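What follows is a short report on a single structure.
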2 protein chains.
Amino acid sequence: MKTTEMAKNIAEPEIYRLDEQVGFMLRRATQRHLAIFNNLMPDFTPTQFAALAKLCELGPVSQNELGRQTAMDAATIKGVIDRLRKRGYVTTRPDPGDQRRIQIVPTGDGRTAYLERVTAAQEITARTLEPLSPRERGEFLDLLGRMT
Amino acid sequence: MKTTEMAKNIAEPEIYRLDEQVGFMLRRATQRHLAIFNNLMPDFTPTQFAALAKLCELGPVSQNELGRQTAMDAATIKGVIDRLRKRGYVTTRPDPGDQRRIQIVPTGDGRTAYLERVTAAQEITARTLEPLSPRERGEFLDLLGRMT
DNA sequence: CAAAATCTGTTTGTACACGAACAAAAGGCA
DNA sequence: TGCCTTTTGTTCGTGTACAAACAGATTTTG
């Protein structure tokens, strides 16, 4: 930061430093998080767990609605649900009131798997935020939440 | 936040809220960033531009080394380089001193394309950080940088 | 020097992620 | 009521991401 300021004073020609761009830093932070996630919950991907968690929270929903709630587009949520269904964590059934819709329902296995992993999920968040002090964690989450 | 505190006072059973987990928030922030990137630089993906930028910064490097510098593993950087080469932005040649290595070299087109897009790249960073005040931007980048 | 360990680039397989195009169903409106 | 628009789920194509396994080259070490 000091060197940057000094450089600006002598009219440096605005060098582009990849390592200082938000996008790159977001990607790196995400990579680290994914590694932590994969260690602590090897049998689920973050998206799969997100979908299962939201589903257990909301109860039966349509596929696209679940996608919206978990920030996945229609094509993505389809694949995620397909894999969760193949593994027996969710079932699908036609919506009685709307023939376009498919209701997604968590199975008993699905609910159990979710509940068994809530602690691990919280630990994942904790470890990801570990490099920051408790005060900074709140700040970071606040700022990050406003970047949406 | 107030309701959370109140809930904790009556010993609420530690509900898991997807929307408050770092991983989910990182994903959402990244999604927004990617949308901005795609608007302002439609002809490059973030990874492709990152590789080209680092390459122009470093000069000729081996493929794996470029991957390391841009936080991509060997399999990923290979695909990125393949696509950049197919589009004529980089060339490859054998490393004279090490027969395992491939040197990646930016072409004239590659350097030009990079230089023409630096401004857009900076604008992408600016727009991504737009929701935050100038003070907060520095704070956020600092905290984000420490999450690696 | 020779065997062991490491590094380089490649391939395969799985899993997001999203744009685009599509058909069937539902909803709005004239 | 009938047309028009929107919504829902699906499929296709492209592009990350990363683990795992591999062959060939290089380096380390005994």
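Worth saying up front: this structure is predicted, and the values here are computed from it rather than measured. In the text below, chain A, chain B and the rest are named by the order of the sequence lines, each starting its count at 1.
We find the NZ-CG distance between A/K54 and A/L66 to be 9.0 Å, quoted to the nearest 0.5 Å. Put simply, CD1 on A/I15 and CD on B/Q122 are 10.5 Å apart, with the number rounded to the nearest 0.5 Å. Here the straight-line distance linking atom OG1 of A/T30 with atom CZ of A/R32 works out to 11.0 Å at 0.5 Å rounding. To the nearest 0.5 angstrom, A/R111 atom CZ is 9.0 Å from A/L52 atom CG.
Residue-level contact check: B/D98 touches the backbone only, with heavy atoms under 4.0 Å from sugar-phosphate atoms and none from bases. Across all strands, A/T47 comes closer than 4.0 Å only to sugar-phosphate atoms, never to a base (heavy-atom distances). Across all strands, A/D73 comes closer than 4.0 Å to base atoms (heavy-atom distances). Within the 4.0 angstrom heavy-atom criterion, no nucleotide atom of any strand lies near B/L34. When heavy atoms are screened at a 4.0 angstrom cut-off, B/T45 is found touching the sugar-phosphate backbone but no base atom.
Close approach of DNA chain C to chain A, defined as any atom under 4.0 Å from a non-hydrogen atom of the protein, starts and stops at C/dA15 to C/dA26. In 5' to 3' order, the nucleotides of DNA chain D bounding all contacts with chain B (an atom under 4.0 Å from a heavy atom) are D/dG15 to D/dT26.
Between B/R127 and B/E130, none of the side-chain N atoms (NZ, or NE/NH1/NH2) sits under 4.0 Å from a carboxylate O, so this pair counts as no salt bridge. Under the 4.0 Å criterion applied to side-chain N and carboxylate O atoms, A/E57 and B/R17 are not assigned as salt-bridge partners.
Mapping A/M72 and B/R101 onto DNA chain C by nearest heavy atom places B/R101 at the nucleotide closer to the 5' end. Between A/A75 and B/R87, the residue anchored nearer the 5' end of DNA chain D, judged by the nucleotide with its closest heavy atom, is A/A75. Looking at which nucleotide of DNA chain C each of A/Q99 and A/T76 is closest to, the 5′-most match is held by A/T76.
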Evaluate the side-chain hydrogen bond (donor to acceptor under 3.5 Å, both in side chains) criterion for residues B/D109 and B/T112: first the C-alpha distance (whole Å), next the side-chain angles of each, then the deciding distance (0.1 Å), finally the verdict.
CA-CA 5 Å; B/D109 268 20; B/T112 306; 5.4 Å; no

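Remark: B/R117 is not positioned above the aromatic ring of A/Y16, lacking an NZ or CZ atom under 6.0 angstrom from the ring centre and at most 45 degrees off the axis.
The aromatic rings of B/Y114 and B/F49 are tilted relative to each other, their planes meeting at an angle between 30° and 60°.
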